[in-house]
Amino acid sequence: LARTAAGCGVTILALTDHDTLAGYREIVAAGAVPAGMTLLPGVEINALMPHDLGLWESELHILGFGMDPGDDAFEAALVAQRRQRRIRFDHTVDRLRELGLGIGAQVATLARDSDDALGRPTVARALIAAGHATSVEDAFHRLLGHGCPAYVPRLGFGPVEAIQAIRAAGGLA
């Protein structure tokens, strides 16, 4: 990614993965930051709105840039966010199983043991693979979207908490 971006003339790049600095760390650890490029640590935190402001599923996607990747408190906050994603993922898988739409214990186990930012798109792809949906959009429309039978509400940071965590780690939000 960094080489491709540099080849296109990008001189400053920030990776903004969901709830993790893993992409940034991977590029730095591999020594893969191209000469002449500045790589910024970045993160995307899906923050929950306490009031319905007409946002899709009451979420704001907060982007943070320039955090200290060695900040233990920030890493702990991101770990907590990812843990909430896993809990929601597991509850969604359980709800689908109760509906008779199991996506396979192997898929659930692999995802549960992963540190990836698990979410409903992962579940949607598993539903497609199991023959329970024809597309990600179909899975969301019929099963996973707000108000649907397998919908599980999100848990995690509100926007103020997300911004505070980013700023406390020296970043900008």
Side-chain angles (χ1 to χ4, degrees), residues 1-5 7-8 10 13-27 39-65 75 77-159 161-163 165-166 173:
L1 175 66
R3 280 192 304 275
T4 300
C8 294
V10 173
L13 178 69
L15 296 178
T16 56
D17 293 328
H18 280 282
D19 306 323
T20 185
L21 296 174
Y24 168 84
R25 289 189 179 111
E26 183 179 321
I27 290 173
L39 182 66
L40 296 175
V43 69
E44 179 179 358
I45 298 174
N46 289 18
L48 303 172
M49 293 298 297
H51 307 290
D52 183 6
L53 300 177
L55 301 173
W56 186 70
E57 297 199 358
S58 298
E59 289 184 10
L60 283 177
H61 294 247
I62 307 292
L63 297 176
F65 302 97
E75 184 58 32
L78 295 179
V79 167
Q81 274 290 100
R82 291 192 305 269
R83 188 176 311 116
Q84 292 299 331
R85 283 179 168 276
R86 276 193 286 281
I87 290 169
R88 183 185 195 198
F89 179 88
D90 290 342
H91 287 168
T92 302
V93 170
D94 291 344
R95 193 164 286 174
L96 286 165
R97 191 176 300 116
E98 291 166 5
L99 294 168
L101 301 172
I103 59 173
Q106 184 179 24
V107 172
T109 300
L110 289 171
R112 188 177 301 115
D113 294 339
S114 171
D115 198 31
D116 293 336
L118 297 173
R120 290 177 297 160
T122 307
V123 175
R125 287 188 291 275
L127 284 164
I128 294 165
H132 299 305
T134 59
S135 66
V136 170
E137 294 79 15
D138 176 48
F140 271 77
H141 181 73
R142 291 186 307 107
L143 299 164
L144 303 174
H146 190 273
C148 292
Y151 177 78
V152 174
R154 200 174 202 335
L155 303 170
F157 283 135
E161 293 86 4
I163 292 168
I166 290 165

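For the pair H132 (side chain) and G102 (backbone), a donor-acceptor distance under 3.5 Å is present.
Residues passing the salt bridge (charged side-chain N to carboxylate O under 4.0 Å, His left out) test with R83, sequence neighbours excluded: none. In this view, R154 and E59 satisfy the side chain to side chain donor-acceptor pair (under 3.5 Å) rule, not counting sequence neighbours. Residues forming a side-chain contact (heavy atoms from CB on, under 4.5 Å) with A173 (at least two apart in sequence, or on another chain): I62, I163, I166. A search for salt bridge (charged side-chain N to carboxylate O under 4.0 Å, His left out) contacts involving D17 returns nothing, not counting sequence neighbours. Residues passing the salt bridge (charged side-chain N to carboxylate O under 4.0 Å, His left out) test with E75, sequence neighbours excluded: R25, R82.
Expressed to the nearest 0.5 Å, how far CG of L96 lies from CD1 of I103 amounts to 6.0 Å. Atom OG1 of residue T92 and atom OH of residue Y151 lie 9.5 Å apart, to the nearest 0.5 angstrom. Here the CD-CZ distance, from E44 to F65, works out to 9.5 Å after rounding to the nearest 0.5 Å. Interatomic distance, OG1 of T16 versus NE2 of H61, reported as 11.0 Å (0.5 Å rounding).
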### Message
Pair D19, I45 - check side-chain contact (heavy atoms from CB on, under 4.5 Å), show working.
### Response
CA-CA 5 Å; D19 306 323; I45 298 174; 4.0 Å; yes
### Task
For H18 and Q81, run side-chain contact (heavy atoms from CB on, under 4.5 Å): C-alpha distance rounded to whole Å, both residues' side-chain angles, the deciding distance at 0.1 Å, then the answer.
CA-CA 9 Å; H18 280 282; Q81 274 290 100; over 6 Å; no
#### Entry: Evaluation steps, side-chain contact (heavy atoms from CB on, under 4.5 Å), between L127 and L144
CA-CA 10 Å; L127 284 164; L144 303 174; 4.1 Å; yes
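Here salt bridge (charged side-chain N to carboxylate O under 4.0 Å, His left out) pairs that include residues 124-134, with residues two or more places apart or in two chains, number zero.
Pairing each heavy atom of R95 with each of P149, the nearest pair is CD-O, 3.0 Å. Counting all heavy atoms, side chain and backbone alike, Y24 lies closest to L15 at N-CD1, 3.6 Å.
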